[in-house]
Engineer: 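This is the structure I want to talk about, given as structure tokens.
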Amino acid sequence: MNRYRDEAEYMPNSLLSSHSSVHEVQSINSTELVSRLESLEGSGKKGISDVRRTFCLFATFDFLFITLLWIIELNVHGSILDALQKEVLNYDYYYSFFDIFLLSFFRFNLLIAAYAMCKLRHWWAVAVSTAITCAFLLVKVILSKLFYTGAFGYVLPIMSFILAWIEAWFLDFKVLPQEAEEEKRFLMIRSVSERAAVPPPGPMSEGQFYSPPESLTGSEDETEEIQDDEKPLCQ
């Protein structure tokens, strides 16, 4: 009897402890999910992702690098003012590098406006800039006389071509896939956190448990023993 009673008292206590441990685990998991969700929301509130910022920095580097090369080219042949007057005011398509500088400026403005200001999530802007750059440079190299002007006749067209294709590759294979993956992860964590935010049922009280009735066999045996002891010894 005592063993049955101990087991009956132990069962609700063990169930209560297990239920409370499950409740604690659920609360810990929901807290972690909420903290991760807040971190993702905070990163989203920055306005621009890290990989997109890197792309915009590279577009700026493209423009500044071509500008630096063009300025160096202007200083090669005497005074920079005379070279500017010759290449800008007296522009000649066959010998001037000013149009390559303007092409890099066009790429910079288009990419910054599309992917930094408008936060575009499509590749059409970089495709347009790359296509225009390639078409212009191919025509420029075929028709112009840049190769007679020295090393810069090779360097400026080749570097513009390479930088334009690096921008297209970086956006299409790095920026857009990584941002799509981060958005998918954010939506998944938010849905899981919303489900985890639903409060679980409260712990069960001891009053909801009841001890099973004691076996009648043991009580009948005790009753018979008591009756046998109480019988008078008539013999």
Engineer: In chain order, what residues pass the ring-ring contact (aromatic ring centres under 6.0 Å, His included) check against Phe170, with sequence neighbours excluded?
Structural biologist: none

Engineer: Please check if Leu103 and Leu64 belong to a single hydrophobic cluster, counting links between Ile, Leu, Val, Met, Phe, Trp and Tyr side chain heavy atoms closer than 4.5 Å.
Structural biologist: yes

Engineer: Could you give all pairs that pass the salt bridge (Lys or Arg N to Asp or Glu O under 4.0 Å) test and reach residues 142-157, with sequence neighbours left out?
Structural biologist: none

Engineer: Given Thr60 and Phe108, is the side-chain contact (heavy atoms from CB on, under 4.5 Å) satisfied, shown in steps?
Structural biologist: CA-CA 6 Å; Thr60 307; Phe108 169 74; 3.4 Å; yes

Engineer: The criterion is side-chain contact (heavy atoms from CB on, under 4.5 Å); which residues satisfy it with Val88, sequence neighbours excluded?
Structural biologist: Trp70, Leu84, Phe98

Engineer: So which pairs with a foot in residues 69-92 pass salt bridge (Lys or Arg N to Asp or Glu O under 4.0 Å), sequence neighbours left out?
Structural biologist: none

Engineer: How many angstroms lie between CZ in Phe55 and CD in Glu179, if you round to the nearest 0.5 Å?
Structural biologist: 10.5 Å

Engineer: Applying side-chain contact (heavy atoms from CB on, under 4.5 Å), name anything that partners Phe58, two or more places apart in sequence or on another chain.
Structural biologist: Phe61, Leu163, Ile166, Glu167

Engineer: Counting only heavy atoms from other residues, nucleotides and ligands, does the tally under 6.0 Å from CZ of Phe147 exceed 12?
Structural biologist: yes

Engineer: Roughly how far apart are Leu68 CG and Ile72 CD1, rounded to 0.5 Å?
Structural biologist: 4.0 Å

Engineer: If every non-hydrogen atom of Tyr154 is compared with every non-hydrogen atom of Gly150, which pair is closest and at what distance?
Structural biologist: CD1-O, 3.6 Å

Engineer: What residues form a ring-ring contact (aromatic ring centres under 6.0 Å, His included) with Phe106, not counting sequence neighbours?
Structural biologist: none

Engineer: For the CZ atom of Phe152 and the CG atom of Leu74, what is their distance to the nearest 0.5 Å?
Structural biologist: 9.5 Å

Engineer: Under a 4.5 Å side-chain heavy-atom rule over Ile, Leu, Val, Met, Phe, Trp and Tyr, are Leu102 and Leu138 clustered together?
Structural biologist: no

Engineer: Transitively linked via ILVMFWY side-chain contacts under 4.5 Å: Phe97 with Leu143?
Structural biologist: yes

Engineer: Under the salt bridge (Lys or Arg N to Asp or Glu O under 4.0 Å) definition, can you give me all pairs with a residue in residues 59-69, not counting sequence neighbours?
Structural biologist: Asp62-Arg107

Engineer: CG/Asp50 to CD/Glu182 distance, rounded to the nearest 0.5 angstrom?
Structural biologist: 7.5 Å

Engineer: Please enumerate all residues that pass side-chain contact (heavy atoms from CB on, under 4.5 Å) together with Ile71, with sequence neighbours excluded.
Structural biologist: Thr67, Asn75, Ile80

Engineer: Step by step, work out the side-chain contact (heavy atoms from CB on, under 4.5 Å) result for Trp165 and Cys134.
Structural biologist: CA-CA 9 Å; Trp165 275 102; Cys134 293; 3.0 Å; yes

Engineer: Please name all residues satisfying ring-ring contact (aromatic ring centres under 6.0 Å, His included) with Tyr94, sequence neighbours left out, ordered by chain then number.
Structural biologist: none

Engineer: Return a table of donor-acceptor pairs under 3.5 angstrom between the side chains of residues 111-132 and protein atoms on other chains or two or more places apart.
Structural biologist:
| from | atom 1 | to | atom 2 | distance (Å) |
| --- | --- | --- | --- | --- |
| Tyr115 | OH | His122 | O | 2.7 |
| Tyr115 | OH | Val126 | N | 3.2 |
| Arg121 | NH1 | Glu183 | OE1 | 2.7 |
| His122 | ND1 | Trp124 | N | 3.2 |
| Ser129 | OG | Val126 | O | 2.9 |
| Thr130 | OG1 | Val126 | O | 2.7 |
| Thr130 | OG1 | Ala164 | O | 3.4 |

Engineer: For a quick test of reading the model, state the closest non-hydrogen atom pair linking Ile66 to Leu156 and the distance between them.
Structural biologist: O-CD2, 4.1 Å

Engineer: Minimum heavy-atom separation for Val141 to Pro157, with atom names?
Structural biologist: CG2-CB, 4.1 Å

Engineer: Can you list everything that forms a side-chain contact (heavy atoms from CB on, under 4.5 Å) with Asp99? Sequence neighbours excluded, please.
Structural biologist: Tyr91, Tyr93, Phe136, Lys140

Engineer: Assess the residue pair Leu69 and Ile100 against the criterion (side-chain contact (heavy atoms from CB on, under 4.5 Å)); give the C-alpha distance rounded to whole Å, side-chain angles, the decisive distance to 0.1 Å, and a yes or no.
Structural biologist: CA-CA 10 Å; Leu69 291 178; Ile100 297 179; over 6 Å; no

